[in-house]
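In what follows, chains are A, B, ... by sequence order, proteins preceding strands, each numbered from 1.
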There are 2 protein chains.
Amino acid sequence: MIQPRPRTIPEATVARLAVYLRVLTTLADGGRGTVASGELAEAAGVNPAGLRKDLSHLGPCGVRGVGYEVRTLRDRIARVLGVERSRACVLVGIGNLGSALADYAGFGTRGFEFVGLFDAAPARVGQHIGGLTVRPLADLEDVVAATRASIGVITTPAEVAQSICDRLAAAGVRSILNFAPVTLAAPPGVDVRKVDLSVELQVLAFLGQQRLVEEVS
Amino acid sequence: MIQPRPRTIPEATVARLAVYLRVLTTLADGGRGTVASGELAEAAGVNPAGLRKDLSHLGPCGVRGVGYEVRTLRDRIARVLGVERSRACVLVGIGNLGSALADYAGFGTRGFEFVGLFDAAPARVGQHIGGLTVRPLADLEDVVAATRASIGVITTPAEVAQSICDRLAAAGVRSILNFAPVTLAAPPGVDVRKVDLSVELQVLAFLGQQRLVEEVS
DNA sequence: GCCTGTGAAAATATTCACAGCG
DNA sequence: CGCTGTGAATATTTTCACAGGC
């Protein structure tokens with residue numbers, strides 16, 4: 001059994017592949033047949049050479065002198081990213097942000113299926129969002145076990161995020177996306193990824209002010 | 001006038017400084033006096049040496065053999081990130097995600113103040129969120145001009161994001177945080193930063209599956 | 001001729017390891 | 001003695017430049 005290429009794709013490349021996939025999907029839906037790296041790179045907001053290097057991780061997939069066949073490339077990236085298989089996700093914390101995620105149809109077309117929404121507040125339990133009913137936190141372990149959910153999303157207040165993380169990990173979830181503004185500790189074998197919206201704003205603001213300083217000097 | 005150190009701090013460092021700031025704020029609120037790089041690094045989820053290197057961009061600010069004075073360091077980072085000055089932000093697209101951001105008190109303590117919420121849907125206009133009233137999109141330019149808002153946040157559907165971006169840029173906004181799943185083009189001098197929630201999920205899922213493959217082989 | 005695929009080079013970022021100071 | 005601050009070493013990422021095929 002040959003191992004055609006190194007199985008590890010850099011994380012930065014994976015993130016961009018997901019972006020290319022979206023652009024390609026739009027192009028394909030618009031009936032576009034082929035696209036060159038320059039145009040695709042511009043639509044994705046990256047450098048053309050970098051895009052080609054990213055794609056090189058998938059093996060040759062373009063036609064020299066022409067470009068890439070839109071649908072073929074789309075399917076290739078989708079397969080590598082595992083969009084085909086539907087992955088069961090649970091979401092804990094159904095505030096505004098949690099509701100936004102539960103409602104967002106985009107996840108479904110990208111291989112994710114929410115199979116459980118949970119909230120500690122009795123007032124939230126029973127609400128219907130995105131075709132699911134919000135359940136009490138006590139049901140978390142049962143649902144994870146029954147659905148074999150491998151992904152958990154935390155949109156709770158910071159104070160309870162670590163305890164939710166512990167429960168998710170203990171229940172068998174292997175990957176956790178954390179929106180709470182705390183750094184979570186998880187046992188080995190469980191991957192935690194953090195998205196901090198206020199950090200994003202702060203970086204943006206800082207880079208803006210830094211740019212102003214540079215312009216003056 | 002001397003320029004004590006290079007004025008450009010790497011973007012990755014800026015993002016981590018924002019995280020350190022939050023941890024330090026928590027520690028200070030808990031009455032903690034000093035903290036060593038090891039503990040601070042663990043709480044922030046980074047390597048201790050990296051943390052010290054990040055802080056070195058601010059100039060010496062620790063005590064050898066002891067660690068960092070929590071409140072001093074907190075204030076130092078806050079000043080560098082510009083948390084003191086309050087920056088006016090407008091938010092366009094008051095769906096679930098927009099509401100979550102408008103409601104999130106954390107921005108206020110970090111130097112951001114929402115001064116305008118906008119939505120195209122008449123049903124949304126007039127709603128009260130986080131102390132503000134949602135206004136019609138037509139008011140966007142007037143509010144940006146009147147408040148001198150320098151930051152815009154886009155949480156609209158993808159289809160209209162580019163046109164909102166154009167209007168924000170034309171109205172004088174210099175920094176834009178985009179949550180819509182499209183890559184935006186902006187004129188020079190206007191900074192766009194993108195947060196794509198489904199890309200984050202996709203990266204998480206991919207890294208999880210890649211890890212499984214590695215364990216087997 | 002044109003655009004891909006890719007080695008080589010440059011730029012960044014991370015990690016190590018230890019000198020230096022309190 | 002312990003912990004900071006930092007140069008040196010390493011790893012990673014980005015960019016360039018061009019060989020090679022259509």
Task: Protein-nucleotide distance (A/L55, atom CG; C/dC3, atom P), rounded to Å - done: 16 Å
Task: Basic-acidic side-chain contact under 4.0 Å: A/E39, A/R32 - done: yes
Open item on the list: Can you pull out the residues from residues 17-30 of chain A that lie within a 4.0 Å heavy-atom distance of DNA chain D?
Closed with: none
Task: Nucleic acid footprint by protein, nucleotides 13-22 of chain C - heavy-atom cut-off 4.0 Å, B for base, S for sugar-phosphate alone - done: SSBBB--BBS
TODO: Give the rounded distance in Å between these two atoms: CD of A/E39 and C1' of C/dC2.
DONE: 15 Å
TODO: Answer yes when A/R193 and A/E11 have at least one side-chain N-carboxylate O distance shorter than 4.0 Å, and no when they do not.
DONE: yes
Open item on the list: Check this for me: does any side-chain nitrogen of one of B/K194 and A/E200 sit under 4.0 Å from a carboxylate oxygen of the other?
Closed with: no
Which side-chain N or O atoms in residues 151-165 of chain A pair as donor and acceptor under 3.5 Å with protein atoms at least two apart or in another chain?
from	atom 1	to	atom 2	distance (Å)
A/T155	OG1	A/V92	O	3.2
A/T155	OG1	A/G93	O	2.5
A/Q162	OE1	A/A185	N	3.0
A/Q162	NE2	A/D166	OD1	2.8
A/Q162	NE2	A/A185	O	2.8
A/S163	OG	A/V160	O	3.0

Task: side-chain contact (heavy atoms from CB on, under 4.5 Å) evaluation trace for B/F179 with B/D196 - done: CA-CA 6 Å; B/F179 287 88; B/D196 189 321; over 6 Å; no
TODO: Could you tell me the separation between the CZ atom of B/R76 and the P atom of D/dT4, rounded to a whole number of Å?
DONE: 15 Å
N/O donor-acceptor pairs under 3.5 Å from side chains in residues 45-53 of chain A, not counting sequence neighbours:
from	atom 1	to	atom 2	distance (Å)
A/N47	OD1	A/A49	N	2.7
A/N47	OD1	A/G50	N	3.2
A/R52	NH1	A/S37	OG	3.1

Open item on the list: What is the distance, to the nearest angstrom, from the CG atom on B/L40 to the P atom on D/dC3?
Closed with: 14 Å
Task: Length of the line joining A/L51:CG and C/dT4:P, which is rounded to integer Å - done: 9 Å
Open item on the list: So does B/R87 get a backbone contact from the side chain of B/R85, meaning a donor-acceptor N/O pair under 3.5 Å?
Closed with: no
Open item on the list: Please tell me if A/Y68 has a side-chain N or O lying less than 4.0 Å from either OP1 or OP2 of C/dG5.
Closed with: yes
Task: Results of side chain to side chain contact (heavy atoms under 4.5 Å, CB included) for A/A43 - residues two or more places apart only - done: A/V23
Task: Pairs meeting criterion ring pair (Phe, Tyr, Trp, His ring centres under 6.0 Å) with involvement of residues 79-104 of chain B, two or more places apart - done: B/Y104-B/F107
Task: A/S56 side chain near C/dG5 phosphate (N/O to OP1/OP2, under 4.0 Å) - done: no
TODO: Please report, rounded to the nearest Å, how far the P atom of D/dT6 is from the NE2 atom of B/H57.
DONE: 10 Å
